[in-house]
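Residue numbers run from 1 in the order of the sequence given. Because the structure is predicted, anything quoted here is derived from the model rather than measured. Values below: all heavy atoms of this structure, side chains included; hydrogens, waters and symmetry mates excluded.
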Amino acid sequence: MTAVPRFTATASGAPTPAMLAAWERDGVLVVEDAVSHADCDALIERSRAIVDDWDPASGAAVFSTTAPRHAADRYFRESGDTIRVFLEDGAVAADGALTRPKHAAVNKLGHAMHDLDPEFDRVSRRPALAALAHGLGLADPRLVQSMVIWKPPSIGGAVTCHQDATFLITDPPSVIGFWLALEDADAGNGCLFAIPGGHRGPLRQRFHEVDGELVTETLDPTPFDEASAVPLPAPKGTLVALHGTLPHGSAPNTSDRSRMAYTLHVVDAAARWSAGNWLQRTSDLPFRGFKRGA
């Protein structure tokens, strides 16, 4: 296994020629010191406050990539224009009660953090991130989905190897994922892994609506070459950019440390947003670009 190269963030955020060469070759960029620790701490504090204010009796859904019951759950399907709490598989008893304190039961928050919370809006729409999105080829970037991946100690589940373009469909494909380490992420607490160069392969699946139901359609049954996957350890403040067809995932967190991360997905407005996407917005909350307030 050859390690993915690591870069230090540029002052403007725009990628250097070396970064662009790595992006073309690997489909992933690891950019250290991209976001300050103070900004990471601000997002952690806001995330904890959202969970503090959340009443489990008001509604929740288990989110699991190994047993995706959420696909048929209205709570998930209607979360594209709000902020909702999703729980770890194993954190909910048969009667619906939590098996542990709620902060230790959360899988993620989503999916409109960047539009509905001022702190997430501020960090998501940093000029440096806009410069990176433009530099990686998005002519007119739009921020479409955001999540805080909680990954709590001991129970934080695995995210199976997948491609983001499976879930956020445009024609032509354009999605880029920006994954920010809010805390140190390493092999011990479930850091990302990816298959460098795998973005040049075909899209394997499409998760979309068919006749009113969300289904996973197989486009190419070729399995991912997971033997070629490499870990992507990320110190706090590191930004990992992921090509939409790059196979990637993360291991479970079996440690006694949390591994919080913030993920933002961006597409090109020049591409057509599929009417079959699970994530749809109403006219009063359209997808917006990086310019704050616009």
Side-chain angles (χ1 to χ4, degrees), residues 1-9 15 19 22-23 25-35 40 43-44 47 63-66 86 88 106-111 113 123-124 129 132-133 136 145-153 155-168 175-201 204 224-255 257-266:
M1 291 190 303
T2 302
V4 169
R6 311 177 79 81
F7 300 90
T8 300
M19 293 166 75
W23 176 255
R25 181 187 64 244
D26 299 329
V28 58
L29 278 180
V30 179
V31 185
E32 297 185 341
D33 300 320
V35 177
C40 292
L43 296 192
I44 291 173
S47 300
F63 190 93
S64 169
T65 63
T66 57
F86 296 86
E88 285 286 352
V106 174
N107 172 280
K108 70 174 182 175
L109 310 179
H111 290 93
M113 319 288 294
V123 175
S124 300
L129 192 55
L132 180 59
L136 295 182
Q145 175 182 276
S146 52
M147 302 176 286
V148 175
I149 310 299
W150 210 263
K151 210 79 162 181
I155 194 175
V159 176
T160 55
C161 195
H162 66 282
Q163 298 163 297
D164 289 340
T166 291
F167 304 97
L168 300 168
V175 64
I176 293 176
F178 294 119
W179 187 98
L180 171 63
L182 300 181
E183 300 177 300
D184 291 345
D186 54 45
N189 65 354
C191 69
L192 288 175
F193 64 81
I195 301 174
H199 64 300
R200 294 191 293 271
R204 303 305 207 276
F224 294 125
D225 180 17
E226 294 194 48
S228 298
V230 299
L232 302 175
K236 182 175 182 174
T238 298
L239 182 70
V240 182
L242 301 158
H243 192 283
T245 53
L246 180 79
H248 65 283
S250 66
N253 182 5
T254 58
S255 76
R257 297 173 290 126
S258 59
R259 195 232 67 182
M260 292 183 71
Y262 176 54
T263 301
L264 180 69
H265 289 98
V266 183

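The CG atom of Leu264 lies 10.0 Å from the CG atom of Leu180; values are rounded to the nearest 0.5 Å. Rounded to the nearest 0.5 angstrom, Leu242 CG and Trp179 CH2 are separated by 9.0 Å. Separating the OG1 atom in Thr238 from the CG atom in Leu29 is a distance of 12.5 Å, to the nearest 0.5 Å. Expressed to the nearest 0.5 Å, how far OG1 of Thr8 lies from CG of Asp33 amounts to 6.0 Å. With values rounded to the nearest 0.5 angstrom, Met113 atom CE is found 9.0 Å from Ser124 atom OG. Note: Asp26 CG to Met19 CE = 12.5 Å, rounded to the nearest 0.5 Å.
With respect to Asp164, the side-chain hydrogen bond (donor to acceptor under 3.5 Å, both in side chains) criterion is satisfied by exactly one of His243, His265, Gln145: His265.
With ring centers used as reference points, Phe86 lies under 6.0 Å from His111.
The nearest pair of heavy atoms linking Gly190 to Ser250 is O-CB, 3.6 Å. For the residue pair Ile44 and Leu182, the shortest heavy atom distance occurs at CD1-O, 3.5 Å. Heavy atoms only, all atoms of each residue included: Cys191 and Pro231 are closest at SG-CB, 4.2 Å. Across all non-hydrogen atoms, the minimal contact from Leu136 to Ala241 is CD1-CB, 4.1 Å. Smallest separation of non-hydrogen atoms from Ser255 and Gly188: CB-O, 3.4 Å. Across all their heavy atoms, Leu246 and Gly197 have their closest contact at CD1-N, 4.4 Å.
Judged purely by atom type and a 3.5 angstrom limit, Asn189 uses its side chain to pair as donor or acceptor with the backbone of Asp184. In this structure, Glu32 contributes its side chain and Ala9 its backbone to no donor-acceptor pair below 3.5 Å. Looking at Glu183, its side chain never comes within 3.5 Å of a backbone N or O of Lys236 through a donor-acceptor pair. Of the possible donor and acceptor atoms, none in the side chain of His199 sits under 3.5 Å from a partner among the backbone N and O of Gly244. No donor-acceptor pair under 3.5 Å is formed between the side chain of Ser228 and the backbone N or O of Ile195.
Proximity of Met147 to Tyr262: side-chain heavy atoms (C-beta onward) are nowhere separated by under 4.5 Å. Using a 4.5 Å heavy-atom cutoff, the side chains of Ile155 and Asn253 are not in contact. Side-chain contact check for Ser47 versus Met260: some heavy-atom pair is nearer than 4.5 Å. The side-chain heavy atoms of Arg259 and Pro152, taken from C-beta on, include no pair separated by under 4.5 Å. Pro5 places none of its side-chain heavy atoms less than 4.5 Å from the side chain of Val30. The side-chain heavy atoms of Val240 and Val31, taken from C-beta on, include no pair separated by under 4.5 Å. Within the 4.5 Å cutoff, the side chain of Arg6 has heavy atoms near those of the Pro233 side chain. Taking 4.5 Å as the limit, every side-chain heavy atom of Ser258 sits out of range of all side-chain heavy atoms of Trp150.
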**OP:** Go through Leu239 and Leu132 one step at a time and tell me if the side chain to side chain contact (heavy atoms under 4.5 Å, CB included) criterion holds.
**Re:** CA-CA 11 Å; Leu239 182 70; Leu132 180 59; 3.6 Å; yes
Original post:
Do Phe178 and Val266 pass the side chain to side chain contact (heavy atoms under 4.5 Å, CB included) test, and can you show the C-alpha distance, the side-chain angles, and the key distance before you say yes or no?
Top reply: CA-CA 8 Å; Phe178 294 119; Val266 183; 3.8 Å; yes
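Donor-acceptor pairing under 3.5 Å is lacking for the side chains of Lys108 and Thr263.
Ring geometry, Phe167 versus His162: the interplanar angle exceeds 60°, so the pair is classed perpendicular (tilted spans 30 to 60°).
Taking 4.0 Å as the cut-off between side-chain N and carboxylate O, Asp186 and Arg257 count as a salt-bridged pair.
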